[in-house]
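Please read the structure below before turning to the comments.
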Protein chains: 2
Amino acid sequence: MMELTRKGEYAIRGIVYLAAQPVDRVCLLSDIAAAVDVPATFLAKIFQQFSKIGLVKSYRGTGGGFLLGRVPEKITLLEVVEAVEGPIIPNRCVVGAGECARDVSCTVHPVWKKVQEQVRAALEGVTLKDLAGG
Amino acid sequence: MMELTRKGEYAIRGIVYLAAQPVDRVCLLSDIAAAVDVPATFLAKIFQQFSKIGLVKSYRGTGGGFLLGRVPEKITLLEVVEAVEGPIIPNRCVVGAGECARDVSCTVHPVWKKVQEQVRAALEGVTLKDLAGG
DNA sequence: CCTAACAAGACTTTTTTTATCCTTTTAGGG
DNA sequence: CCCTAAAAGGATAAAAAAAGTCTTGTTAGG
Ligand code: SF4
Ligand code: SF4
């Protein structure tokens with residue numbers, strides 16, 4: 001259980017690759033896809049999501065491509081994962097009140113809350129700088 | 001991401017219900033299903049899995065039903081979850097060596113290892129006794 | 001031998017994942 | 001102004017997983 005989808009895995013690979021590039025180096029999607037071994041069309045969709053929330057910047061046309069939206073030390077793995085996989089939800093009752101009618105007195109509920117917090121903390125503590133190796 | 005499936009949620013509800021029953025009280029599947037609000041046919045499949053690994057004991061025929069395979073304080077939430085959802089795998093590279101060709105030098109790999117360990121620890125620290133309320 | 005109850009396996013439906021393709025928009029350069 | 005490069009957006013399709021159902025078999029009590 002709790003498995004990251006390929007989309008998530010690809011997303012991380014792609015953006016870590018970007019983070020490892022020299023600052024202001026604009027990368028072609030096709031180059032990134034080849035380097036991290038991900039289908040280019042699929043990676044395109046992923047980077048579109050990144051672009052919408054500013055995790056990467058994109059430029060169209062000749063000489064266009066992608067680069068990181070912020071410095072790598074300011075982008076956490078949590079942001080990257082949540083950008084494409086949605087929030088960290090070990091069980092739907094942690095989404096908010098009312099998701100499960102049983103949550104008021106449920107003894108299991110706090111366990112999922114704890115799991116959620118721990119996973120979030122683990123991912124939030126890692127930045128793209130860490131992952132790209134400085 | 002990381003969402004428990006319904007099967008997992010149902011499994012927990014069902015076995016926690018069992019754990020809350022008086023010792024040696026044999027419960028009908030139909031009663032359990034009604035009490036925890038799960039389709040009986042689906043819960044049957046889940047309890048069959050439990051039965052195979054000894055988490056519950058089952059008796060057939062008139063007067064048959066289910067009861068817990070061990071005392072509640074000796075059954076952890078981790079066991080219950082893994083019984084029906086499989087092992088805790090945040091990313092397939094934590095399954096073992098060779099799952100991902102990149103794992104040798106991958107900087108992300110240790111993060112998933114850590115997540116896996118934390119989640120396992122969180123679930124292992126909770127027993128059915130805790131969940132059933134003594 | 002009849003009935004109760006779980007076991008096992010096949011099967012179906014729905015949802016999610018994993019893509020691919022095509023058209024549109026934007027930008028640079030001749 | 002046109003041609004080409006490159007990303008954006010939308011539709012669609014195929015595959016896999018999840019969720020649930022059905023039928024038949026097995027075991028046991030009365
Ligand atoms: S753990 Fe408890 S509150 Fe959460 S979904 Fe299950 S029953 Fe509801
Ligand atoms: S995190 Fe690294 S080792 Fe794990 S699957 Fe991704 S690339 Fe492979």
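So that the names make sense, note that chain A is the first sequence line, chain B the second, and so on, each numbered from 1.
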Without decimals, in angstroms, what is the distance between A:Phe50 CZ and D:dG9 C1'?
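The answer, rounded to whole Å, is 18 Å.
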Touch class at under 4.0 angstrom, heavy-atom based, for [X] against every strand present:
X: B:Lys52; value: sugar-phosphate
X: B:Thr41; value: base
X: A:Phe47; value: nothing

Does the side chain of [X] get closer than 4.0 angstrom to OP1 or OP2 of [N] through an N or O atom?
X: B:Ser58; N: C:dA7; result: yes
X: A:Tyr10; N: C:dT18; result: no
X: A:Ser51; N: D:dA8; result: yes
X: B:Arg60; N: C:dA4; result: no

Show the nearest heavy-atom pair for residues A:Leu128 and A:Ala19, with the distance to one decimal.
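Distance-wise, the nearest heavy atoms are CB-CB, 3.9 Å.
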Roughly how far, to the nearest 0.5 Å, is the CD1 atom of A:Ile32 from the OH atom of A:Tyr10?
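Those atoms lie 15.5 Å apart.
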If I take atom SG from residue B:Cys106 and atom CZ from residue A:Arg13, how far apart are they, to the nearest 0.5 angstrom?
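Going from the SG atom of B:Cys106 to the CZ atom of A:Arg13 covers 8.0 Å.
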Do any N or O atoms from the side chain of B:Gln21 and from the backbone of B:Tyr17 form a donor-acceptor pair under 3.5 angstrom?
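Yes; judged by distance alone, with no hydrogens or angles, the pair exists.
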On DNA chain D, does the nearest nucleotide to A:Ser30 precede the nearest nucleotide to B:Lys45 from the 5' side, or the other way round? Give the residue.
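On the 5' side of the pair lies A:Ser30.
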